[in-house]
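We count ligands from 1, going down the list as the structure has it; atoms in each ligand are counted the same way. Computed from a predicted structure; not experimentally measured. The residues of the chain are indexed from 1 along the displayed sequence.
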Amino acid sequence: MGKEFPKGFLWGASTSAYQVEGAAFEDGKKASQQDIINQDSFEKFGFATAEVASDQYHHFREDIALMKEMGFNTYRFSIAWSRVFPDGDGPVNEKGIQYYRNLIDELLANGMEPIVTLYHYDLPWALVERYGGWLDRRVVKDFEYFARYVINEFKDKVKYWTTVNEQSIIVQYWTQKCYIPEDVLKDNQKRYQINHHMNLAQAIANKLVHELVPGGLAGAPLGYSPIYPLTSDPKDVMAMQNAQALRNDYYTDVYFKGHYNKAAQIYLEEHGLAPVMDEGDLELLADPKAISDFLALNNYASECAKWCGEGEKEIQWSGVNRSGKKGEISGFETHPGFYEMCANPRLDTTDWDWAIDPQGMEYMLRDLYNRYNKPLMITENGLGAYDTLTEDEKVHDGYRIDFLRENIKAMKRAIDKGVEVLAYCPWSAVDVLSTSNGVKKRYGLIYVDRTDSDAKQCARIRKDSFYWYQKVIGSNGVDLD
Ligand code: BGP
């Protein structure tokens, strides 16, 4: 048995609005771009839509009771912009904001600190129709309108604010996370333009939290994978540093240093991918009030990079595995003269080809803390897997327990070496709709009884990992067996 976690450590789990709530068109809510994107993946791949998801909208009290039973003292969730402002701007939807008042009050009444995410992939569809959504910088003003309203509404109840979810993943997998019209698909500069608009949005949200919330803390929840060199060949190590610059530092430098990473920016300029900026943008990013207080990390895997000589074929973006059969990932990024991503031959993967690497958790936390010296929180970490519901209504997810246990141990090793970690919120509290693979790829501690084609009643069932996590929390991280 190890030592306890720091006093007041936040133990909980995460979800996001469109992946968990359902009630997509209820009580005044209008479509978000995820309602449209997921309708399309239903038609193409047979994945569930976001219409019912895990139906938390109607089950939130039950979910919070279950989370309390596990001992949670925090819950990280997101607020659906299109529930609060169905048209993106204009009058507030009273029933929509009331849902979040009820949710937050229920959490507080049950001793859970809310960690709120302002934006998790679900832009109001009205703004896509009006001007193309995140592609147009008018979205920044509309985001400010939404964020100011929500932050003001909950400023006395919410201390921890996470801003724009996973900009790095939005750049990599933009069609899953943003609605991108056909005629824009080939214009890859737009990925970084969207990211620039999101950087302005997260900077504004940070400022609003610092101005409006007494004692409020703000930071971006970033999709982050540590990157290793394939070998100790100095060229591979250099490739690793290049990949680190473009895939990770390009985001974190903005959050903490208030400017874009130089090596990444030069690479983007040389390849015609750099975002267009307006006067005053760089000043906003560098404003001390816009600098993040902490980094929220969504970590699932590590990545591997190797050298790639000039003249090789260029593939700008990572592949994806839609089938859930190991080895069916559609490819790796290749940047001639800079780096090439590759599988790590030393690591096993999930059925969706995500490298399983708990050791990477310690490496990531220590590296980031050394470089930025700011507190870190884990807002996502988990194992996507096929779960089986037995006839006697049990889910024996020992594989998930093993994954979480090793990650918690690695997080503790980092804490024991001086890293400040505030919270551990694995993905996900209950099973949710995956962003890329429907509902059969599950992450939850609580099973939601539904399939891609049949939402049934979305009954909640405690998995083995539920009971295990209860012991972990009850012992403040000591009893991990
Ligand atoms: C992160 C997202 C989550 C979540 C998770 C797992 O990128 O913030 O929304 O879904 O990854 O990804 P997926 O659902 O694609 O397996």
* Is there at least one pair of N or O atoms, one from S16 and one from ligand 1, spaced under 3.5 Å apart? -> no
[atom] [closest protein heavy-atom partner, distance rounded to 0.1 Å]:
atom                    : result
atom 2 (C) of ligand 1  : E380 OE1, 3.3 Å
atom 12 (O) of ligand 1 : W354 CH2, 3.5 Å
atom 14 (O) of ligand 1 : T435 N, 2.7 Å
atom 9 (O) of ligand 1  : Q19 OE1, 2.6 Å
atom 5 (C) of ligand 1  : Y300 OH, 3.1 Å
atom 7 (O) of ligand 1  : E166 OE1, 2.3 Å

Any idea which atoms of ligand 1 are less than 4.0 Å away from a heavy-atom of [X]?
X    : result
S434 : 13 (P), 14 (O), 15 (O), 16 (O)
S436 : 13 (P), 15 (O)
H120 : 2 (C), 3 (C), 8 (O), 9 (O)
Y443 : 6 (C), 12 (O), 13 (P), 16 (O)
K441 : 13 (P), 15 (O), 16 (O)

* Structure fact -> For A126 and P86, the nearest pair of non-hydrogen atoms, with its separation, is CB-O, 4.2 Å
* Do you know which two heavy atoms are closest between Q33 and Y179, and how far apart they sit? -> OE1-N, 3.1 Å
* Geometric class of the W11/Y424 ring pair [parallel <30°, tilted 30-60°, perpendicular >60°] -> perpendicular
* Which word best sums up how the rings of Y443 and W354 line up, parallel for under 30°, tilted for 30 to 60°, or perpendicular for over 60°? -> tilted
* Identified side-chain hydrogen bond (donor to acceptor under 3.5 Å, both in side chains) partner of K326 from the options N321, D348, D353 -> D348
* Of the backbone atoms (N, CA, C, O) and the side-chain heavy atoms from C-beta on, which set of V432 has a member under 4.0 Å from an atom of ligand 1: side chain, backbone, both, or neither? -> neither
* **Contact partition for Q176 relative to ligand 1, non-hydrogen atoms under 4.0 Å** => neither
* **Any Y121 heavy atom less than 4.0 Å to ligand 1** => yes
* Asked: Quick check, are the ring centers of Y145 and F85 under 6.0 angstrom apart?
  -> yes
* Any ion pair linking R462 and E69 (charged N to carboxylate O, less than 4.0 Å)? -> yes
* Asked: Between K177 and T435, does any side-chain donor sit less than 3.5 Å from a side-chain acceptor?
  -> yes
